[in-house]
**Q** 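Got a structure for you, questions after.
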Amino acid sequence: MQSGNQSSVSYFLLVGLHHPPQLGVPLFLTFLVIYALTVSGNGLIILTVLGDTQLHRPMYWFLCHLSFLDMTISSAIVPKMLDGFLLNSRVISFGGCVIQLFSFHFLGCTECFLYTLMAYDRFLAICKPLHYATIMTQSVCNYLAFGTWLGGTLHSLFQTSFIFRLPFCGPNRVDYFFCDIPAMLRLACADTTINELVTFVDIGFLALTCFVLILTSYGYIVAAILRIQSIDGRRNAFSTCAAHLTVVIVYYVPCTFIYLRPGSQEPLDGVVAVFYTVITPLLNPIIYTLRNKEMKAALRRLGGCKNLQPQ
């Protein structure tokens, strides 16, 4: 396999989402609204948790990290999409492409680890309530959160360096709306079999391990919830856990579809990628606020309705 020093491409052209020219402005407005709602919704969750002392607990501390990740993932992808819809500007420099790929996988992998951590937090809270406060201290939460970011950084450094060590000598048209591993592999001027295998094993193993750990945690959680005598207690526990499990499924299914098939060139791949890069970051704050009574009560207090209590 040749070295990446032979690369002669200095920029790439992002083809983007295939659409008739007359749909450029409507698509721009649609994605602009989605992006604005994503940033404002996740930003509101962060402000609410930081500003309400009743939410200064591990579950909401991790939710702050998730909201920040959703904001930044969307910010790494959507602005360039909007630029393409409105101004038909599709050029991205080689360095910009490297940064975009690194940022997306850094944030995405960190979010993968964070989902696993949030499942572990719920496992401790429901299955080991008497030991929860002594195990999940503030310092432990900080170390665990730092670990997710560090793991995401190392994973993305490995994937990014392994992709861009390949030579890119043309063509430079990225048949995708952002620089991602499957699209970049198709442009490499070398055999990418090893890269595809490494992508499948690395991301597949990572995703599968985290998903199994999450399912295992929720297996214990469901068993513990079924032993709760109070109907209200069961309902509250299921409500909190259902929100997290819904977000996990929405996140993992599209990612699995894309990255366990790194050599795929199906048109559906772009649609699925839009879902987990644009739609999922918007859904997370909606799911967590609509299904969480404490979050809804905190939002009311933030809005000045302090006398209102959760129904």
Side-chain angles (χ1 to χ4, degrees), residues 12-20 23-24 26-28 30-35 37-39 42 66 69-85 89-92 96-112 115 152 155-156 159-160 163-164 172-188 192 195-196 199-200 202-204 206-208 210-211 246-284:
F12 295 98
L13 295 174
L14 297 174
V15 174
L17 299 177
H18 297 281
H19 64 277
L23 290 182
L27 285 173
F28 169 81
T30 300
F31 280 90
L32 178 62
V33 169
I34 292 174
Y35 179 60
L37 290 174
T38 298
V39 173
N42 285 289
L66 178 62
L69 286 169
D70 283 333
M71 290 171 59
T72 47
I73 284 177
S74 189
S75 297
I77 305 298
V78 178
K80 189 62 182 176
M81 289 180 64
L82 296 176
D83 199 22
F85 287 138
S89 175
R90 306 186 184 280
V91 176
I92 183 170
C97 190
V98 173
I99 292 172
Q100 190 179 58
L101 190 147
F102 171 82
S103 300
F104 177 72
H105 282 273
F106 157 56
L107 296 167
C109 182
T110 302
E111 189 161 322
C112 180
Y115 284 133
H155 169 81
S156 187
Q159 285 290 344
T160 304
I163 289 294
F164 287 100
N172 65 345
R173 288 173 56 87
V174 181
D175 193 17
Y176 219 51
F177 59 92
F178 72 103
C179 295
D180 198 13
I181 292 174
M184 300 310 299
L185 287 179
R186 292 196 288 268
L187 298 181
T192 61
N195 289 78
E196 292 179 14
T199 299
F200 178 86
D202 178 37
I203 297 181
L206 177 68
L208 181 62
C210 290
F211 195 58
T246 301
V247 168
V248 167
I249 293 172
V250 167
Y251 176 82
Y252 272 97
V253 172
C255 288
T256 302
F257 181 83
I258 295 293
Y259 295 108
L260 295 190
R261 303 154 51 254
S264 172
Q265 300 188 38
E266 295 181 13
L268 185 60
D269 291 353
V271 178
V272 175
V274 167
F275 189 83
Y276 69 79
T277 57
V278 180
I279 305 301
T280 299
L282 172 65
L283 292 178
N284 284 353

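Values below: every heavy atom of this structure, side chains too, minus hydrogens, waters and symmetry copies. If you read the sequence from its start, that first residue is 1, and numbering goes on from there.
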**Q** According to disulfide bond (SG atoms under 2.5 Å apart), who are the partners of C97, at least two apart in sequence or on a separate chain?
**A**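 Disulfide bond (SG atoms under 2.5 Å apart) check on C97 returns C179.
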
**Q** Using every non-hydrogen atom in the two residues, find where Q100 and A76 come nearest and quote the distance to one decimal.
**A** NE2-O, 3.1 Å

**Q** Quick check: do L14 and F177 have side-chain heavy atoms less than 4.5 Å from each other?
**A**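 SC-SC contact between L14 and F177 ruled out.
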
**Q** What's the shortest heavy-atom distance between V78 and F31, and which atoms?
**A** CG1-O, 4.2 Å

**Q** Spell out, as yes or no, whether a donor-acceptor pair under 3.5 Å connects the side chain of T199 to the backbone of N195.
**A**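 Yes, because the side chain of T199 sits within donor-acceptor range (under 3.5 Å) of the backbone of N195.
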
**Q** Working to the nearest 0.5 Å, report the span between SG of C210 and CG of L206.
**A**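 Interatomic distance, C210 SG to L206 CG, rounded to 0.5 Å: 4.5 Å.
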
**Q** Got a second to check how far M71's CE is from L107's CG, nearest 0.5 Å?
**A** 11.5 Å

**Q** Out of curiosity, I34 CD1 to M81 CE, how far, rounded to the nearest 0.5 Å?
**A** 8.5 Å

**Q** Any heavy-atom pair between the side chains of H155 and I203 that's under 4.5 Å?
**A** yes

**Q** Write down the atom of N172, the atom of L187, and the distance for their closest heavy-atom approach.
**A** C-CD1, 4.3 Å

**Q** Is any side-chain heavy atom of T277 less than 4.5 Å from a side-chain heavy atom of F104?
**A**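 Answer yes - side chains close enough.
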
**Q** Side chain of E111, backbone of L66: donor and acceptor closer than 3.5 Å?
**A**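 Not confirmed, E111 side chain does not pair with L66 backbone.
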
**Q** Taking only residues two or more places apart in sequence, or in another chain, which ones meet Y252 in a ring pair (Phe, Tyr, Trp, His ring centres under 6.0 Å)?
**A**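 Only F211 meet the ring pair (Phe, Tyr, Trp, His ring centres under 6.0 Å) criterion with Y252.
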
**Q** Answer yes or no: is there a side-chain heavy-atom contact under 4.5 Å between H105 and T160?
**A**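 A side-chain contact is absent here, since even the closest heavy-atom pair is not under 4.5 Å.
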
**Q** I'd like to check Y35 versus P79 (side-chain heavy atoms, cut-off strictly below 4.5 Å). Are they in contact?
**A** yes

**Q** When rounded to the nearest 0.5 angstrom, what is the spacing between CD1 in I249 and OG1 in T280?
**A** 12.0 Å

**Q** Looking at every non-hydrogen atom in both residues, tell me the closest pair between D175 and R186 and how far apart they are.
**A**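 Heavy-atom minimum between the residues: O-NH2, 3.8 Å.
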
**Q** Say whether, by atom type as modelled, one donor and one acceptor occur between the side chain of T72 and the main chain of L69 under 3.5 angstrom.
**A**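 Checked: pair present.
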
**Q** For F102, is there any backbone N or O sitting under 3.5 Å from a side-chain donor or acceptor partner on S156?
**A**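 Judged by distance alone, yes, a pair lies under 3.5 Å.
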
**Q** Work out which heavy atom in L82 is nearest to a heavy atom in L32; give both atom names and the distance.
**A** CD2-N, 3.6 Å

**Q** Quick one: pull up CG in N284 and OG1 in T246 and give me the separation to the nearest 0.5 Å.
**A** 10.0 Å

**Q** Between N42 (side chain only) and P281 (backbone N and O only), is there a donor and an acceptor less than 3.5 Å apart?
**A** yes

**Q** Using only atom types and a distance under 3.5 Å, with no angle test, would you say the side chain of R173 pairs donor to acceptor with the backbone of L13?
**A**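 Between the backbone of L13 and the side chain of R173 there is no qualifying donor-acceptor contact (under 3.5 Å).
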
**Q** Considering all heavy atoms of both residues, which atom of G152 and which atom of T110 are nearest to each other, and what is their separation?
**A**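 The answer is CA-OG1, 3.4 Å.
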
